[in-house]
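These notes concern the structure reproduced below.
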Amino acid sequence: METSATSDEAMMKRYANGDVSAFDKLYTRHELPLWRYILRLCGNRATAEELMQEVWFAVAREAATFRTDARFTSWLYTMARNRVIDRFRTAHPHKSLDMVESDSGHTLMDTLADEHASPLQAAEQSEQGQSIIVALGRLPREQREAFVLQVDAGMTVEQIASVTGTTFETAKSRLRYARERLKDLLREHA
């Protein structure tokens, strides 16, 4: 169990007070889940790399303004989500994230398979894993985002609500509907 001395919030405070090693620890802890989240939202590795840098530069730049009573992960993922949305508003002012296609031809929110790291990485090699990826791609965007935040980022319902700007009940419903829809889609495939 993590002590308050090593919590993300405490490390952010240490970094704001000049401890660069605290930033390194935060980066190491959150690099892969955040990378997967950004990549799955934008669907393009080059864009994801740029956005990843932007988010971490923003973390460094805004460290002094971070409220230690807030959850670091909620703050971090909200920042990432907003940067993805801003990027696609600028690049595609009249298209939603569900309309813009990635290099692979999938919509941005549908791009969930990533060879780097995923809780489903081992399963992706099997037919069942491919079925799961396809089923995830068929979920409505809001449900898919909530599901990915819980599974990949390990967020609680409360944190998901904070990141997505919804209520606790809305986030909880989206997760419930996502699980139910995934079960139905996987049964259909079987």
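FYI, side chains are in, hydrogens and waters are out, and symmetry mates aren't considered; it's all heavy atoms of this structure.
- The distance from the CG atom of Leu186 to the CZ atom of Arg181 is 10.0 Å, given to the nearest 0.5 Å.
- Checking side-chain atoms of Arg83 against main-chain N and O of Leu51 turns up no donor-acceptor pair under 3.5 Å.
- Legend: residues meeting salt bridge (Lys or Arg N to Asp or Glu O under 4.0 Å) with Glu180, ordered by chain and number and at least two apart, are Arg176.
- A distance of 6.0 Å separates CZ of Arg87 from OG1 of Thr47, quoted to the nearest 0.5 Å.
- By the 4.0 Å N-to-carboxylate-O rule, Glu145 lies too far from Arg174 to be salt-bridged with it.
- If you chain together hydrophobic residues whose side chains sit under 4.5 Å apart, Leu185 and Tyr177 never meet in one group.
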Run the side-chain contact (heavy atoms from CB on, under 4.5 Å) test on Glu62 and Trp75 for me, step by step, so that the C-alpha distance in whole Å, both residues' side-chain angles and the decisive distance to 0.1 Å come before the verdict. CA-CA 11 Å; Glu62 298 174 25; Trp75 183 68; 4.0 Å; yes
Would you please test Trp35 and Glu49 for side-chain contact (heavy atoms from CB on, under 4.5 Å) and show each step? CA-CA 8 Å; Trp35 163 251; Glu49 288 172 12; 3.7 Å; yes
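- For the atom pair CE (Met12) and CG (Asn17), the distance works out to 11.0 Å, reported to the nearest 0.5 Å.
- Side-chain atoms of Asp24 and Met11, non-hydrogen and from C-beta on, never get closer than 4.5 Å to each other.
- Shortest non-hydrogen contact noted between Ala63 and Ala16 is O-CB, 3.6 Å.
- Under the 30°/60° scheme for interplanar angles, the aromatic rings of Trp56 and Phe72 are found to be tilted.
- Between Val59 and Phe23 the shortest side-chain heavy-atom distance falls below 4.5 Å.
- Here the OG atom belonging to Ser74 is positioned 11.5 Å from the CE atom belonging to Met79, to the nearest 0.5 angstrom.
- Atom-to-atom distance recorded for Ile38:CD1 and Arg45:CZ is 13.0 Å, nearest 0.5 angstrom.
- With rounding to the nearest 0.5 angstrom, the CG atom of Leu182 is 4.5 Å from the CG atom of Leu139.
- Within the 3.5 Å criterion, the main-chain N or O of Thr78 finds a donor-acceptor partner in the side chain of Asn82.
- In this structure, Glu31 and Met52 have side chains that are in contact, with non-hydrogen atoms separated by less than 4.5 Å.
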Where do Arg144 and Arg138 land on the side-chain contact (heavy atoms from CB on, under 4.5 Å) test, with the steps shown first? CA-CA 8 Å; Arg144 183 174 42 250; Arg138 292 179 58 194; over 6 Å; no
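- Shown here for Ile160 and Ala146, the closest heavy-atom pair between the two residues is CD1-O, 3.5 Å.
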Do Ser173 and Thr170 pass the side chain to side chain donor-acceptor pair (under 3.5 Å) test, and can you show the C-alpha distance, the side-chain angles, and the key distance before you say yes or no? CA-CA 5 Å; Ser173 293; Thr170 299; over 6 Å; no
Determine, step by step, whether Asp8 and Thr73 satisfy the side-chain contact (heavy atoms from CB on, under 4.5 Å) criterion, reporting the C-alpha distance in whole Å, the side-chain angles of both residues, the deciding distance to 0.1 Å, and the verdict. CA-CA 8 Å; Asp8 293 336; Thr73 53; 3.8 Å; yes
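- Here the closest heavy-atom approach between residue Ala22 and residue Arg14 is recorded as CB-CB, 3.9 Å.
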Between Tyr77 and His30, does the ring-ring contact (aromatic ring centres under 6.0 Å, His included) criterion hold? Intermediate values first, please. CA-CA 10 Å; Tyr77 280 82; His30 298 284; 7.2 Å; no
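- For the pair Arg81/Tyr37, a side-chain contact is recorded, criterion being any heavy-atom separation below 4.5 Å from C-beta on.
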